[in-house]
Structure formats: C-alpha cells, structure tokens
Novice: 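Shown below is the structure under consideration.
Computed from a prediction, not measured in an experiment: that's the story for all the values here. Throughout, numbering of the chain's residues begins at 1 and tracks the sequence.
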Amino acid sequence: MRLTILGGGGFRVPLVYGALLGDHAEGRVSHVTLYDEDPARLDAMARVLTDLAAAAKVPDAPAVTATRDLDEALRGADFVFSAIRVGGLDGRAADERVALAEGVLGQETVGAGGVAYGLRTVPVARRIARRIARVAPGAWAINFTNPAGLVTEAMAEELGDRVIGICDSPVGLGRRIARLLGARPQDAWIDYVGLNHLGWVRGLRIGGRDELPRLLADTEALESFEEGRLFGAEWLRSLGAIPNEYLHYYYFNRDTVRAYQEAAQTRGAFLRDQQRGFYAEAGRAGLPAGAALAAWDRTRAEREATYMAENREAAGVGARDASDLESGGYEKVALALMRAIARDERATLILNVRNGSTLSVLDAGAVIEVPCLVDANGAHPMGVEQLPLHAVGLVTAVKAVEREILAAAASGARADAVKAFALHPLVDSVAVARRLVDGYATAHPGLAHLR
C-alpha cells in the first residue's frame, strides 16, 4: 500500500512512521510520500525517519520520498493523511494573542482561536479534498488537521464517507480509565459521544458490565489521572461522566483564560520557538546518524510534559504524572483504521464521521465523534444513547458555529465571520466578535478580506 502524508514535514510524522515500522502483516504500507510546502521541514523530517528505520533495524522498512508537488504526492495513493497547519505555528500564536487581548480564549480548536483557525483552514482543506477526488479517487482520506471535526466535515463535501477524522484525546482518556479499572484498553467498550474536542465518556463496559459508576464513586481513583485532577471528583460525579479534557475550557473558562493571560508565553508561541530550534538542529549539515531522531525525542518529551499546562495551573494540580505523558496513540488508531479498510479486518474505533441518524439533535451530514465499526466499506457510526440536555446545548451550539465557519469560508463575507465568532459559547458579545474579526484580519493576510 502507498500512504501519502500531507503536512509531511510536521512534527508528529515520526509517530506515524514508527507505527508503520511495527506492522509486519501482509499488505502493509510499503511506501510513504511526504508532501509539504517547506523544503527545510521536509529535509529535517526525512532525516528523522531515516534514523527511526535504522534504529528499528527493520529490513523492509517503508520507502520514503518527499515532494512539494501535491498532484505528484497524491498519484497512486491508497491512503492520504491530511495533517496540515495553515499559517504554521506563527498563525497559532497570533490566534491566541488576538483572542486574549479581548479577554476570551484563543486555544487552537476551542473558542475564538478555533474559529479563526477554521476560517483559515477550511478553504485549503476544500481545495485538497477536490484534488484527492480528482487525482486519487480511490484513496481513503484520514484527517488529522485541526479543528478535526470541522475540517473533516468540509472535506466530506467532496469526498463523502471516504474521509474519516481521527483525534487521540478519546483514545487516551479511554485507555486511562480502563487501566484504572483493571482492564486492558482493548478489552473495554467505551461509550463515548460528542463532537471533536467536545465529548464525554458515559460508560465503560468490561465483560458486558458498566464499570464507570465504580470509578465515579471512588474519589481517590478519580483524582489519580489527568482528567480527574483537572475537573475534580465532585464535578465528575455531578456530570455522571468523564469529559474530554478540552471541556475544561468550557467548564472552567474564566479560570483558564486568566491562567493563559498570566502565562509568560502562550502555548502556540512556546511550540513555535521550540520547533524552530528542533528543525534548525535536525536540518544542520553534517549531522551524525541518529542525531536528528535524538533531537526529536528530546523535543517531544518537553512538548508532552508541558501539554495543557495553563489548565493544570488553573486547576491547581501541578505537573503531569509520568502515566499521563504517553502519547494518545492517534498513529495506532490510524494504523488500525487502515488495516480494517485495506484488509477488511473489522475494528471498533472512536472516529469523526458523518452522523447519519446516530444523534437525533443533529442532521445527517454533521460530523460527530463516536465509536464506529470499521470494515472494507469504511467507518459506520454505532448506535449510542442520546445526549443529556446540558450536553445537547453545548454540542448544538458548537455545531452551529462550525456551520457558520463553513459558510463564511465559502462566502468570504465579514458578516458571516462575525456571526461565527458571536455564536460561540465562549465569545460573549457581538461587539467582541466584531473586534475579533478585525484583529484576525490584521494578523493574517489570508483573512484581510474580512476587514
């Protein structure tokens, strides 16, 4: 099989390639094409992958080629991973800065920052989807690009059910809960439902029995893992569920915004500076074998340790535990997804797919994040219980915002962009929404038409 990675110079690409190195089954990926517009990032990432293959000592490691030509990258692909970042980390840092100046959240997928990132990303994602449909019509597209649910929905306009979104947050959450309850994650059924970065674990069945109530009753166990410490046992028992970590931005919004405003540096600015250092080091001439991979390992460890640091500061829970530093495993989900489709090996995975009739509060085309049965015909959302009213309010409000982003990205109209910002639950004023549009139009050349 041939795999193409769009955004092939991206920092997380070695996670995907590392997972491929461990796959020795018949019909595995034999060739990986990296596509990126930045030749320096492509070169640095190719070095890391070379080091990875050498360290793994795999004789039949997937061949790697790199290109800046999109059609060349897509031609002959069986699977296409979309992992682009429109505007780069400079854009993310600007998204945070503009929002915080107005006293609202600027996180890359949540709140004002997520709206701005969506407005920049949707037009590009639509163009990519059209090229995939034209150049590689038989390929399956797997979207990692944030905001993942929104971008998957935009790409589905062209690709239908042949685009599937992946996020590692539900995977990591389910794994932590299963281990706490004494089960192997692969043996547990996770009742998870919502939108990308807006979902809840409402049950976890082991041997047909829901063990989540046992966890909710145990304060010490609840507050022994990341989400439990973030939200607190009392709030989790009130909900009767374990929220995705990103719901901390909603449930503790003022506390989090204050922590972000008081931080010495925003997350986007930290990652921008950190990755500049990594790519400069990994791309340096005359680098000895293994040095690029060592630089990537160091950078990744620091990145994981500082993840959601402001939220932990707001919650007063300190540094991450060692058990929380393990990758969410999105690369493993991607590999399982490819295997299920290519080999017709049935798998159950939490994915971003079109709703159909799964959630009655949303229309059929709305992309949701739920457990899916995957086979050679793609991913099929499984039946779930309907959402409680408090969750319906958030899910429908955020989906309405996503629809306004899609409309604004198509029309280019300032009024549509203002509406997208103003309707978000974390933006509390039409006047603030107008100032946000002005700020983002100034910060991003691609949004200058919104002035």
Side-chain angles (χ1 to χ4, degrees), residues 1-8 10 12-13 15-17 19-20 23 25-35 62-65 67 70-84 121 124-146 148-168 171 196 329-356 365 367-382:
M1 290 194 297
R2 297 178 67 89
L3 169 65
T4 292
I5 303 178
L6 309 181
R12 298 178 84 182
V13 166
L15 295 174
V16 175
Y17 191 69
L20 296 177
D23 182 20
E26 185 178 350
R28 63 191 177 278
V29 171
S30 59
H31 190 278
V32 177
T33 300
L34 306 179
Y35 165 81
V64 178
T65 57
T67 180
L70 179 58
D71 284 5
E72 178 185 339
L74 294 175
R75 204 166 287 120
D78 297 292
F79 290 91
V80 177
F81 288 2
S82 176
I84 63 173
T121 304
V124 178
R126 282 171 165 156
R127 289 197 296 272
I128 287 172
R130 286 194 289 270
R131 295 312 300 166
I132 293 172
R134 182 184 178 96
V135 179
W140 288 87
I142 300 177
N143 178 56
F144 301 100
T145 299
N146 278 325
L150 168 67
V151 172
T152 301
E153 191 163 325
M155 295 180 75
E157 295 168 1
E158 296 289 338
L159 298 173
D161 291 331
R162 292 188 77 85
V163 59
I164 299 166
I166 283 182
C167 179
D168 57 359
V171 176
N196 178 238
Y330 87 113
E331 69 282 359
K332 296 175 184 175
V333 180
L335 183 59
L337 176 58
M338 287 195 297
R339 282 175 172 168
I341 292 174
R343 306 171 194 168
D344 200 17
E345 295 177 1
R346 289 193 167 199
T348 302
L349 304 167
I350 298 173
L351 301 166
N352 285 266
V353 296
R354 293 200 288 188
N355 176 49
V367 167
I368 60 175
E369 191 168 78
V370 290
C372 297
L373 177 65
V374 188
D375 57 22
N377 296 312
H380 318 283
M382 303 180 75

Novice: What is the minimum heavy-atom distance between Val353 and Ala379, and which atoms define it?
Specialist: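 Looking at all heavy atoms of both residues, the shortest contact is CG1-CB, 3.8 Å.
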Novice: Got a donor-acceptor contact below 3.5 angstrom from the Tyr17 side chain to the Val32 backbone?
Specialist: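 No; zero donor-acceptor contacts below 3.5 Å.
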Novice: Any chance you could lay out the salt bridge (Lys or Arg N to Asp or Glu O under 4.0 Å) test for Arg343 and Asp23, step after step, and finish with the verdict?
Specialist: CA-CA 13 Å; Arg343 306 171 194 168; Asp23 182 20; 3.0 Å; yes
Novice: Quick one: closest heavy-atom pair of Ala129 and Glu158, and the distance?
Specialist: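 For Ala129 versus Glu158, the nearest heavy atoms are CB-CB, 3.8 Å.
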Novice: How long is the gap from CG on Leu150 to OG1 on Thr145, to the nearest 0.5 Å?
Specialist: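 With rounding to 0.5 Å, CG (Leu150) is 11.0 Å from OG1 (Thr145).
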Novice: Using modelled atom types only, decide if a donor and an acceptor are shared between the side chain of Thr4 and the backbone of Val80 within a distance under 3.5 Å.
Specialist: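 No; judged by distance alone, with no hydrogens or angles, the pair does not exist.
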Novice: Which value, rounded to the nearest 0.5 Å, describes the distance between Phe144 atom CZ and Tyr330 atom OH?
Specialist: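 Spacing of CZ (Phe144) from OH (Tyr330) equals 5.5 Å.
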Novice: Salt bridge between Arg126 and Glu157, side-chain N to carboxylate O under 4.0 Å?
Specialist: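 Salt bridge present between Arg126 and Glu157.
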Novice: What's the spacing between Leu349 CG and Leu337 CG if we round to 0.5 Å?
Specialist: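 CG of Leu337 is found 6.5 Å from CG of Leu349.
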Novice: Take Leu3 and Thr33 through the side chain to side chain contact (heavy atoms under 4.5 Å, CB included) test and state the conclusion after the steps.
Specialist: CA-CA 6 Å; Leu3 169 65; Thr33 300; over 6 Å; no
Novice: If you measure from CG on Leu373 to CZ on Arg346, what distance do you get to the nearest 0.5 Å?
Specialist: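 These two atoms lie 5.0 Å from each other.
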Novice: Between the side chains of His380 and Asp375, is a donor N or O closer than 3.5 angstrom to an acceptor N or O?
Specialist: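 The answer is yes; a qualifying pair exists.
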Novice: Walk me through whether Glu369 and Leu351 qualify under side chain to side chain contact (heavy atoms under 4.5 Å, CB included).
Specialist: CA-CA 5 Å; Glu369 191 168 78; Leu351 301 166; over 6 Å; no
Novice: Could you pull out the closest heavy-atom pair between Ala136 and Leu74, with the gap in Å?
Specialist: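 Closest approach of Ala136 to Leu74, heavy atoms only: CB-O, 3.5 Å.
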Novice: Quiz question: by atom type and distance under 3.5 Å, do the side chains of Thr152 and Asn352 form a donor-acceptor pair?
Specialist: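 Short answer, no.
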Novice: Out of Ile84, Ile128, Val163, Thr121, which residue meets the side-chain contact (heavy atoms from CB on, under 4.5 Å) rule with Val151?
Specialist: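 In the set Ile84, Ile128, Val163, Thr121, the residue that makes a side-chain contact (heavy atoms from CB on, under 4.5 Å) with Val151 is Thr121.
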Novice: Do the side chain of Asp344 and the main chain of Ala376 share a donor and acceptor less than 3.5 angstrom apart?
Specialist: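 It does hold such a pair.
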Novice: Give me the atom names and distance for the closest heavy-atom approach of Asn143 to Ala148.
Specialist: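 Minimum heavy-atom separation between Asn143 and Ala148: ND2-O, 3.3 Å.
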Novice: Just how far is it from atom OG of Ser30 to atom CE of Met1, taken to the nearest 0.5 Å?
Specialist: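 Rounded to the nearest 0.5 Å, the OG-CE separation comes out at 8.0 Å.
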Novice: Step by step, work out the side chain to side chain contact (heavy atoms under 4.5 Å, CB included) result for Val29 and Leu335.
Specialist: CA-CA 10 Å; Val29 171; Leu335 183 59; 5.8 Å; no
Novice: Tell me whether the count of non-hydrogen atoms from other residues, nucleotides or ligands lying under 6.0 Å of CZ in Arg130 goes above 12.
Specialist: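 More than 12 within 6.0 Å, yes.
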Novice: To the nearest 0.5 Å, how far apart are CE in Met338 and CG in Leu20?
Specialist: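 Here the rounded value is 5.0 Å.
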Novice: Kindly say whether Val367 contributes a backbone atom to a donor-acceptor pair with the side chain of Glu153 at under 3.5 angstrom?
Specialist: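 Yes, the answer is positive, given that a donor and an acceptor are paired below the 3.5 Å cut-off.
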Novice: Could you go step by step and tell me if Trp140 and Ile164 meet the side chain to side chain contact (heavy atoms under 4.5 Å, CB included) rule?
Specialist: CA-CA 8 Å; Trp140 288 87; Ile164 299 166; 4.3 Å; yes
Novice: Can you see which heavy atom on Pro381 is nearest to which on Val370, and at what distance?
Specialist: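 Here Pro381 and Val370 meet closest at CB-CG2, 3.8 Å.
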Novice: Any idea which heavy atoms bring Leu70 and Tyr35 closest together, and the distance?
Specialist: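 Closest pair (atom of Leu70, atom of Tyr35, distance): N-CE1, 3.4 Å.
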Novice: Does the side chain of Phe81 reach to within under 4.5 Å of the side chain of Leu6, using non-hydrogen atoms?
Specialist: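 Side-chain contact under 4.5 Å: no.
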